[in-house]
Chemist: 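Mind having a look at this structure? Questions to follow.
Remember, predicted model here, so these are calculated numbers, not experimental data.
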Amino acid sequence: MTIKQIIRLLWKNKFWIFLTPIFVAIGVFFLTQDLPRVYESSTLVFTNPTSDRGATDGGVVRMDFYTSNNLFDNLTLIVKSRKTVTEASLKLLAKHLALPEQKDEVLCIEAYQDLKSHIPAPIWEKLVVTNDEEKTLQNILQNIEENDNSPIEYLLREHEYYSVNKIIERLSVSRKFSSDMMEIKYSTNDAGICYYTLKILAESFMSGYSNMKELENTNTIAYFQNQLNIAQNKLRKAEENLKGFMTDNRILNYYEQGKYLDIAKLEHDQDEERSRRLLSGTGYNLEQIEEMFENFDERQVIIENISKLQDQIVTRNLKIQGLSVLENQNLQIENIQKEIDGLEKEIKELSDLLFKNSNSIQGVQRETILDQWLTLKISYEEQKQALDVMKTRKSYLLDKIDEFAPLGAELKKLEREVSVNEEQYLSILHGLNMAYLQKYDLEMSATQKLIDEPFYPKTPQASKRMLMVIGGMLGTGGLVLTVVLLSFFLDSSIKSGKRATELTSLPVAGGWIMEKDIPKNVYLDILQNNLIKQFYNNLSMHFSNSGQKTLLFYSHQNGEGKTFLLQFFAKELLQQNRSVIYCGNKEDVEKMPCETLVMDINSISNPEKETQFWEDRLTNLPHEFILIELPNTNVKPVNYPLINKANALVKVTDAGRKWKSSDAYFNDSLNEMIKIPHLIWLNKMEGDELEDINGEIPRKRSKIRTKLKQLLS
């Protein structure tokens with residue numbers, strides 16, 4: 001849907017669009033003449049939810065957007081709760097009943113008389129304690145409890161001022177921006193009732209909320225005290241278990257004792273390793289020294305041999321001394337001397353051998369080595385005994401370590417149990433302290449405070465009468481506009497040439513305006529001339545300029561305007577000096593401006609006879625144009641062979657009628673059988689739709705309208 005179509009549619013329905021809202025506005029204006037006056041009062045409460053203290057969070061609740069909104073939703077629901085409103089309604093009723101006489105500043109005379117009409121005199125006298133609202137309230141509560149059908153129950157359910165549901169409907173609770181302020185508003189048609197209802201309601205809310213918070217705090221303290229006792233017992237039990245474990249295992253300081261055992265074992269290993277090295281060195285030295293003592297017997301034998309040789313030398317020297325006295329004993333002396341030399345040589349050899357056996361390889365005397373051996377032997381034995389002691393000491397240390405090591409895990413477990421119970425105990429103790437602080441805070445100052453007290457509304461609110469009038473007018477205008485637009489989209493009529501082509505698949509040869517709705521400023525003669533010229537031009541494209549031209553016109557239904565349009569077409573052909581003859585029914589022949597031929601073919605039912613009838617009548621006609629008006633398709637079957645002998649077939653259709661599925665089905669069947677040009681001529685078109693086919697409708701227009709039309713075009 002284009003903007004141009006929207007504007008045309010709105011202009012076409014301008015009277016419905018503009019007049020209907022005006023009539024509705026006038027009706028609302030007169031119907032709201034007796035609207036009751038409304039009084040409104042409000043109060044501002046400082047709720048302080050975002051600085052509320054908690055019992056387990058160090059004194060401050062962390063607030064975010066969702067938490068804050070949730071708290072205010074809770075407060076709103078408490079204000080509008082049935083319990084709060086019922087309590088306020090009963091207090092208001094008690095205040096009204098306890099009045100010694102009616103007061104306009106409390107409630108108007110009409111409301112007072114209405115209240116008396118709902119409560120019978122005996123019950124009134126039983127309930128009322130003049131100037132004592134508390135006792136009156138107690139009597140009301142007792143009456144409700146004792147009597148299920150009490151008139152008070154009816155007032156709480158149905159009355160204009162005491163009904164719980166109606167009070168909730170007129171009550172408005174909202175948060176002021178993003179602050180801690182909550183605004184409570186109440187409105188009704190009586191100023192005194194409005195003021196006192198809001199005042200009592202605010203008091204009931206603050207009292208109920210404070211009691212609820214105190215009850216929550218009391219429950220919190222009781223909970224923490226109970227949990228504190230449990231945590232204390234668990235802590236003491238864990239400490240006793242740790243104490244018993246350390247006593248049984250004689251643990252003074254597990255970590256220091258374990259460290260001592262570890263150091264002692266390390267030092268013992270070092271000492272043992274050092275002793276083993278010393279023992280190994282001492283043993284090696286002993287072995288070396290003992291090797292030196294292996295040739296001792298051989299040395300004694302050498303000494304004895306040397307001694308024997310020395311004795312032999314002495315003996316021979318004595319012989320030499322004896323022979324030297326004698327003469328001529330030189331040869332014998334020389335022989336003996338040779339023997340002595342031989343013996344000395346042997347002694348020398350034995351002495352060298354003795355020297356080797358008497359000294360070590362390193363040149364140390366054997367006597368010195370003996371002293372060293374004795375020293376080393378003593379040290380070796382001492383070191384062996386020390387190693388035996390060390391083995392016993394090491395076994396003792398390993399036994400102690402094996403005994404002490406598993407105690408660590410159990411000790412750690414017991415210490416951890418004590419630590420956990422201690423932290424739990426301290427946490428609960430902290431929560432208990434915070435709960436006591438909150439209790440003290442609630443006792444010292446209330447969380448909610450009235451910033452703005454409820455005010456007495458001396459003047460009623462501005463009337464919403466004009467708002468209702470404007471709303472009714474705009475709402476009705478929007479509804480009418482919606483209906484108009486929906487009617488366009490839901491309209492299944494042909495309407496335009498573009499839609500006719502979409503529905504029938506036929507080219508539009510021309511259109512004709514609905515003449516009964518033509519405005520007076522339209523130049524009808526010019527328009528008709530333009531329309532018939534357009535039809536002729538579009539039709540003439542489908543046949544040659546010379547020879548006889550047979551044109552067939554038909555419709556689906558009666559009253560679509562075939563005869564009416566053929567009159568204008570015949571006039572156009574006559575104005576062009578063309579010879580024209582019209583063939584149709586008797587009642588239509590009289591309307592034609594040209595020659596006519598009556599052809600009552602409705603009585604012929606055989607297609608072959610019908611074809612012969614046409615050939616006998618039309619073969620020898622001298623006219624250039626033969627205009628034949630066929631019967632409607634819903635009256636007589638279609639003779640396809642006869643139609644295909646013509647030059648063109650024109651469907652005359654009412655643009656305002658609905659296009660049905662039966663029409664589409666017949667049109668598709670017809671298009672399959674027709675071999676000649678098949679066109680559509682739309683009749684009874686709206687002026688706006690006709691302009692899309694034929695152009696601007698000639699009419700008298702003002703300069704402003706002409707300018708607007710040019711802009712829209």
Chemist: Would you tell me whether Q142 and E146 have side-chain atoms, one donor and one acceptor, within less than 3.5 Å of each other?
Modeler: yes
Chemist: Give a yes or no on whether the backbone of I193 and the side-chain of T197 come within a donor-acceptor separation of less than 3.5 Å.
Modeler: yes
Chemist: With a 4.5 Å limit on heavy-atom distance, are the side chains of L156 and I144 in contact?
Modeler: yes
Chemist: Give the minimum heavy-atom separation between C108 and D190, together with the two atoms involved.
Modeler: SG-OD2, 2.9 Å
Chemist: Please report the closest heavy-atom contact between K684 and D654, naming both atoms and the distance.
Modeler: CB-OD1, 3.3 Å
Chemist: State whether a side-chain donor-acceptor pair under 3.5 Å links T43 with D452.
Modeler: no
Chemist: Report the distance from atom CD of E158 to atom NZ of K166, rounding to the nearest 0.5 Å.
Modeler: 6.5 Å
Chemist: Nearest 0.5 Å, what's the CD1-CG distance between I119 and L155?
Modeler: 5.5 Å
Chemist: Anything under 3.5 Å between a donor and an acceptor, one on a side chain of residues 83-96, the other on a protein residue two or more places apart or in another chain? List them.
Modeler:
residue: T84; atom: OG1; partner: I78; partner atom: O; Å: 2.9
residue: T84; atom: OG1; partner: S81; partner atom: OG; Å: 2.8
residue: T86; atom: OG1; partner: R82; partner atom: O; Å: 2.5
residue: E87; atom: OE2; partner: K91; partner atom: NZ; Å: 3.2
residue: S89; atom: OG; partner: Y162; partner atom: O; Å: 2.7
residue: K95; atom: NZ; partner: E133; partner atom: OE2; Å: 3.2
residue: H96; atom: ND1; partner: Y162; partner atom: OH; Å: 2.6

Chemist: Measuring only between side-chain heavy atoms, which start at C-beta, is I140 closer than 4.5 Å to L97?
Modeler: yes
Chemist: Shortest non-hydrogen contact from G472 to V24?
Modeler: O-CG1, 3.8 Å
Chemist: Return each pair, listed once, that meets ring-ring contact (aromatic ring centres under 6.0 Å, His included) where at least one residue sits in residues 122-157; pairs must be two or more places apart or across chains.
Modeler: H118-Y154
Chemist: Charged N to carboxylate O below 4.0 Å: is that the case for R170 and E160?
Modeler: yes
Chemist: Just wondering, more than 12 heavy atoms not from Y456 lying within 6.0 Å of its OH?
Modeler: yes
Chemist: Determine whether a donor-acceptor pair (N or O, by modelled atom type, separation under 3.5 Å) exists between the side chain of T136 and the backbone of A98.
Modeler: no
Chemist: Pair M181, V45 - check side-chain contact (heavy atoms from CB on, under 4.5 Å), show working.
Modeler: CA-CA 6 Å; M181 306 293 181; V45 181; over 6 Å; no
Chemist: Are the side chains of D114 and H159 in touch, meaning some heavy atoms are under 4.5 Å apart?
Modeler: yes
Chemist: Which pair of non-hydrogen atoms, one from I428 and one from F224, has the smallest distance, and what is that distance?
Modeler: CG2-O, 3.5 Å
Chemist: Above 12 or not: heavy atoms from other molecules or residues under 6.0 Å from NZ of K495?
Modeler: yes
Chemist: Is atom CD of E515 surrounded by more than 12 heavy atoms (other residues, nucleotides or ligands) closer than 6.0 Å?
Modeler: yes
Chemist: Is there a side-chain contact between I513 and I697, using heavy atoms and a 4.5 Å cut-off?
Modeler: yes
Chemist: Decide yes or no for L228 and Y425: does some side-chain heavy atom of the first lie under 4.5 Å from some side-chain heavy atom of the second?
Modeler: yes
Chemist: Can you check whether L171 reaches K185 side chain to side chain, under 4.5 Å on heavy atoms?
Modeler: no
Chemist: Say whether, by atom type as modelled, one donor and one acceptor occur between the side chain of Q102 and the main chain of L107 under 3.5 angstrom.
Modeler: yes
Chemist: Does one side chain, of N189 or Y161, offer a donor that lies under 3.5 Å from an acceptor on the other?
Modeler: yes
Chemist: Please check this pair: side chain of R175 against backbone of T76, looking for a donor-acceptor N/O pair closer than 3.5 Å.
Modeler: no
Chemist: Rounded to the nearest 0.5 Å, how far apart are CG of N694 and CE of M685?
Modeler: 9.5 Å
Chemist: Between T653 and A655 (side chain of the first, backbone of the second, donor and acceptor by atom type, cut-off under 3.5 Å), is there such a pair?
Modeler: no
Chemist: Kindly compute the distance separating OG (S42) from CD (E183), expressed to the nearest 0.5 Å.
Modeler: 5.0 Å
Chemist: Decide, yes or no, whether a salt bridge links D663 with R657 under the criterion of side-chain N to carboxylate O below 4.0 Å.
Modeler: yes
Chemist: When you look at L19 and K14, which way does the side-chain contact (heavy atoms from CB on, under 4.5 Å) test go after all the steps?
Modeler: CA-CA 8 Å; L19 293 181; K14 56 184 177 294; over 6 Å; no
Chemist: As a quick check of understanding, evaluate side-chain contact (heavy atoms from CB on, under 4.5 Å) for F205 and M182, giving each step before the final call.
Modeler: CA-CA 12 Å; F205 159 67; M182 185 173 67; 3.7 Å; yes
Chemist: Taking the side chain as everything from C-beta on, heavy atoms only, tell me whether P151 gets closer than 4.5 Å to P120.
Modeler: yes
Chemist: Could you check whether any side-chain heavy atom of Y186 comes within less than 4.5 Å of a side-chain heavy atom of I167, counting everything from C-beta outward?
Modeler: yes
Chemist: Between N147 (side chain) and N143 (backbone), is there a donor-acceptor pair under 3.5 Å?
Modeler: no
Chemist: Can you tell me if S41 uses its side chain to pair, donor with acceptor, with the backbone of P454 under 3.5 Å?
Modeler: no
Chemist: Roughly how far, to the nearest 0.5 Å, is CD of E240 from CZ of R236?
Modeler: 9.5 Å
Chemist: For D73, give me all partners under side chain to side chain donor-acceptor pair (under 3.5 Å), at least two apart in sequence or on another chain.
Modeler: none
Chemist: Evaluate the side-chain contact (heavy atoms from CB on, under 4.5 Å) criterion for residues L235 and Q232: first the C-alpha distance (whole Å), next the side-chain angles of each, then the deciding distance (0.1 Å), finally the verdict.
Modeler: CA-CA 5 Å; L235 178 60; Q232 189 175 27; 5.7 Å; no
Chemist: Mind listing the closest non-hydrogen atom pair of C194 and S187 along with its distance?
Modeler: SG-CA, 4.2 Å
Chemist: What are the two closest non-hydrogen atoms of A500 and I494, and how far apart are they?
Modeler: CB-CG2, 3.6 Å
Chemist: Check whether more than 12 heavy atoms from other residues, nucleotides or ligands sit under 6.0 Å from atom CZ of F23, and answer yes or no.
Modeler: no
Chemist: Rounded to the nearest 0.5 Å, what's the gap from CG on L486 to CG on L481? Could you check?
Modeler: 9.5 Å
